[in-house]
Visitor: 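Got a structure for you, written out below as structure tokens; questions coming shortly.
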Amino acid sequence: MALTVAQILRQSREILAKCRPITINLHWGTVRGIQIGENHADTVLMLHGFLDNCYSFLPLLSELAPGKRYVAIDLPGHGQSEHKGKTNNNSILNIIPDVEEIRRELNVDKISLIGHSFGGIVSTIYSAVYSDKVNYTIGIDGLFPKLADPSQFVKNLREGSDKLHEGAYQPRTYATSEILAQTKASTPWYKGLPLELSELMIERGTKKTEKGLIQTYDPAVRHASLMYISRDHFKNVLENIKTPTLFIEASKGFVDLMPIAKDLHEECVRMNEKWLTKVAVEGVHHCHVTCPDLVASQIAKFISQKE
């Protein structure tokens, strides 16, 4: 029987009460998050999606098997992590060195990765670049980045550069968290995410002002990337994945929002069948929030086969 929203919220609150805050000092500033578990030798780093934060993993954390150390961070410029500033655009390539620095600061030789959406793409690319530092990778409805047409390189670079100089996006002010949740629900990526569960993330990613709530993310992350990845680039990424990798495809996620996604997912698996496995779950893009039991079950099955 599927978990109800009330059950997911209750379990999320219970696991949050058991989590400890973590602060990781990087060369440019501070990344913050939550952690649970004491087994540092088996550390799982969790990377959330674009404009989300580490609280998006609370429902899943309540379902994952104990015996590991789970570290869910707010990505740079998200949640309660510090902002990098004007150059902190949404390029995935900007995050790879940060993930490596985080691993080093966690003082572990190897990590395992669980990422959702943007965080799943980052995890996949990191595991290719640093395959010797990864035990396994799990991407939840996020496998490949926006693939660029090389013939548009100059055009994209100009547009991205111009955006940097036009000034940062100014976050809106919202009277209540419910209104913000309703606004998010109207966007494709949050489709099907109950307002109560959206408000769980809003709690971590907003601050109160005299005029109302504003989101704490760095406006610069909404700038266009200066460097996109081409199909050939990503093919090279897939060819260099040398660790077990699970991709969990949501039935009403990327494949609904981008019809080409299903074919691309299959193509990615064919490129590296030795290391890459794909499974599907019934659910929306934030399936790890709305049906964490189903996602956790797939993760447990995958890990049991690889360990």
Side-chain angles (χ1 to χ4, degrees), residues 26-31 47-53 73-101 115-126 128-129 141-174 180 183-184 186-191 201-202 205-207 209 211-237 254 257-261 264 285:
L26 306 183
H27 74 278
W28 56 264
T30 301
V31 166
L47 308 177
H48 61 76
F50 183 61
L51 299 185
D52 286 346
N53 55 64
I73 65 161
D74 293 331
L75 290 170
H78 292 74
Q80 295 180 14
S81 289
E82 289 186 0
H83 298 181
K84 277 186 168 182
K86 191 172 182 178
T87 59
N88 187 28
N89 58 44
N90 67 353
S91 171
I92 290 168
L93 303 181
N94 284 347
I95 308 295
I96 304 303
D98 292 332
V99 175
E100 172 57 11
E101 191 171 1
H116 168 246
S117 193
F118 181 87
I121 300 166
V122 170
S123 298
T124 300
I125 297 176
Y126 176 86
V129 176
D141 214 42
L143 175 61
F144 62 88
K146 178 180 180 180
L147 299 176
D149 179 351
S151 69
Q152 299 300 304
F153 173 76
V154 170
K155 177 178 176 289
N156 291 337
L157 186 57
R158 173 62 185 264
E159 290 178 354
S161 179
D162 284 348
K163 283 289 184 182
L164 285 178
H165 297 292
E166 287 174 5
Y169 168 86
Q170 296 301 315
R172 289 173 53 189
T173 301
Y174 300 87
L180 174 53
T183 303
K184 283 179 173 288
S186 68
T187 62
W189 299 109
Y190 288 87
K191 181 181 179 182
M201 290 182 278
I202 288 171
T206 56
K207 64 180 179 181
T209 69
K211 296 181 179 180
L213 289 176
I214 62 170
Q215 298 182 82
T216 57
Y217 68 79
D218 182 357
V221 302
R222 298 189 66 151
H223 287 154
S225 173
L226 296 181
M227 176 66 75
Y228 287 106
I229 298 172
S230 71
R231 184 181 288 265
D232 283 344
H233 287 144
F234 197 62
K235 179 181 178 183
N236 185 244
V237 167
F254 258 110
L257 298 166
M258 299 171 58
I260 194 175
L264 283 174
H285 182 55

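Residues: numbered from 1 along the sequence shown.
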Visitor: Are any side-chain N or O atoms of Gln215 and backbone N or O atoms of Gly205, one a donor and one an acceptor, separated by less than 3.5 Å?
Guide: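 No.
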Visitor: Apply the side chain to side chain contact (heavy atoms under 4.5 Å, CB included) test between Ile229 and each candidate in Asn236, Val237, Ile125; give the one that qualifies.
Guide: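 Exactly one candidate clears the test, Ile125.
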Visitor: Tell me the closest heavy-atom pair linking Pro76 and Val31, and the distance in Å.
Guide: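 That would be CG-CG2, 4.5 Å.
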Visitor: Do any N or O atoms from the side chain of Thr173 and from the backbone of Gly212 form a donor-acceptor pair under 3.5 angstrom?
Guide: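 Checking the backbone N and O of Gly212 against the side chain of Thr173, no donor-acceptor pair under 3.5 Å is found.
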Visitor: Side chains of His78 and Ser81: do they bring a donor and an acceptor to under 3.5 Å?
Guide: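 The answer is no; no qualifying pair exists.
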Visitor: Under the criterion side chain to side chain contact (heavy atoms under 4.5 Å, CB included), I'd like the reasoning laid out for Ile96 against Val122: C-alpha separation, chi angles, the key distance, then a yes or no.
Guide: CA-CA 7 Å; Ile96 304 303; Val122 170; 4.0 Å; yes
Visitor: Scan side-chain atoms only and decide if Asp98 and Tyr126 contain a donor-acceptor pair under the 3.5 Å cut-off.
Guide: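 Per modelled atom types, Asp98 and Tyr126 side chains form no pair under 3.5 Å.
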Visitor: Using only atom types and a distance under 3.5 Å, with no angle test, would you say the side chain of Ser117 pairs donor to acceptor with the backbone of Gly142?
Guide: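 No.
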Visitor: If every non-hydrogen atom of Thr183 is compared with every non-hydrogen atom of Arg172, which pair is closest and at what distance?
Guide: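 Closest heavy-atom pair between Thr183 and Arg172: CG2-NH1, 4.0 Å.
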Visitor: Could you tell me the separation between the CD1 atom of Ile92 and the OG atom of Ser123, rounded to the nearest 0.5 Å?
Guide: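 Ile92 CD1 to Ser123 OG: 10.5 Å, rounded to 0.5 Å.
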Visitor: For the atom pair CG (Leu75) and NE2 (His48), what is the distance rounded to the nearest 0.5 Å?
Guide: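 Leu75 atom CG to His48 atom NE2 measures 3.5 Å (nearest 0.5 Å).
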Visitor: Look at the side chain of His83 and the backbone N and O of Pro219, then say whether any donor-acceptor pair between them is shorter than 3.5 Å.
Guide: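 Flag not set: sc His83 to bb Pro219 has no pair under 3.5 Å.
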Visitor: Does a donor on one side chain sit under 3.5 Å from an acceptor on the other, for Asp149 and Ser151?
Guide: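 Per modelled atom types, Asp149 and Ser151 side chains form a pair under 3.5 Å.
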Visitor: Nearest heavy-atom pair of Val221 and Tyr217: which atoms, and what distance?
Guide: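 In this case the closest contact between Val221 and Tyr217 is CG2-CD1, 4.1 Å.
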Visitor: When you look at Leu257 and Lys191, which way does the side chain to side chain contact (heavy atoms under 4.5 Å, CB included) test go after all the steps?
Guide: CA-CA 10 Å; Leu257 298 166; Lys191 181 181 179 182; 5.6 Å; no
Visitor: Give, for atom CG of Leu47 and atom CZ of Phe118, the distance between the pair rounded to the nearest 0.5 Å.
Guide: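 Taking CG in Leu47 and CZ in Phe118, the distance rounds to 9.5 Å.
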Visitor: Could you tell me the separation between the CG atom of Asp52 and the CH2 atom of Trp189, rounded to the nearest 0.5 Å?
Guide: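 Answer rounded to 0.5 Å: 12.0 Å.
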Visitor: Does Asn53 reach the main-chain N or O of Met201 with its side chain, forming a donor-acceptor pair under 3.5 Å?
Guide: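 Such a contact is found between Asn53 side chain and Met201 backbone.
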Visitor: If you measure from CD1 on Ile202 to OH on Tyr174, what distance do you get to the nearest 0.5 Å?
Guide: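 Spacing of CD1 (Ile202) from OH (Tyr174) equals 9.0 Å.
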Visitor: Shortest non-hydrogen contact from Thr124 to Phe234?
Guide: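 The pair with the smallest heavy-atom distance is CG2-CZ, 4.4 Å.
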Visitor: With under 30° as parallel and over 60° as perpendicular, where do the rings of Phe254 and His285 fit, or are they tilted in between?
Guide: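 Phe254 and His285: perpendicular rings.
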Visitor: Which atom names give the shortest non-hydrogen contact between Thr206 and Thr216, and what distance separates them?
Guide: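 Shortest heavy-atom contact: C-CG2, 3.6 Å.
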Visitor: Taking the side chain as every heavy atom from C-beta outward, state whether Asp162 and Arg158 have any pair of such atoms under 4.5 Å apart.
Guide: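 SC-SC contact between Asp162 and Arg158 confirmed.
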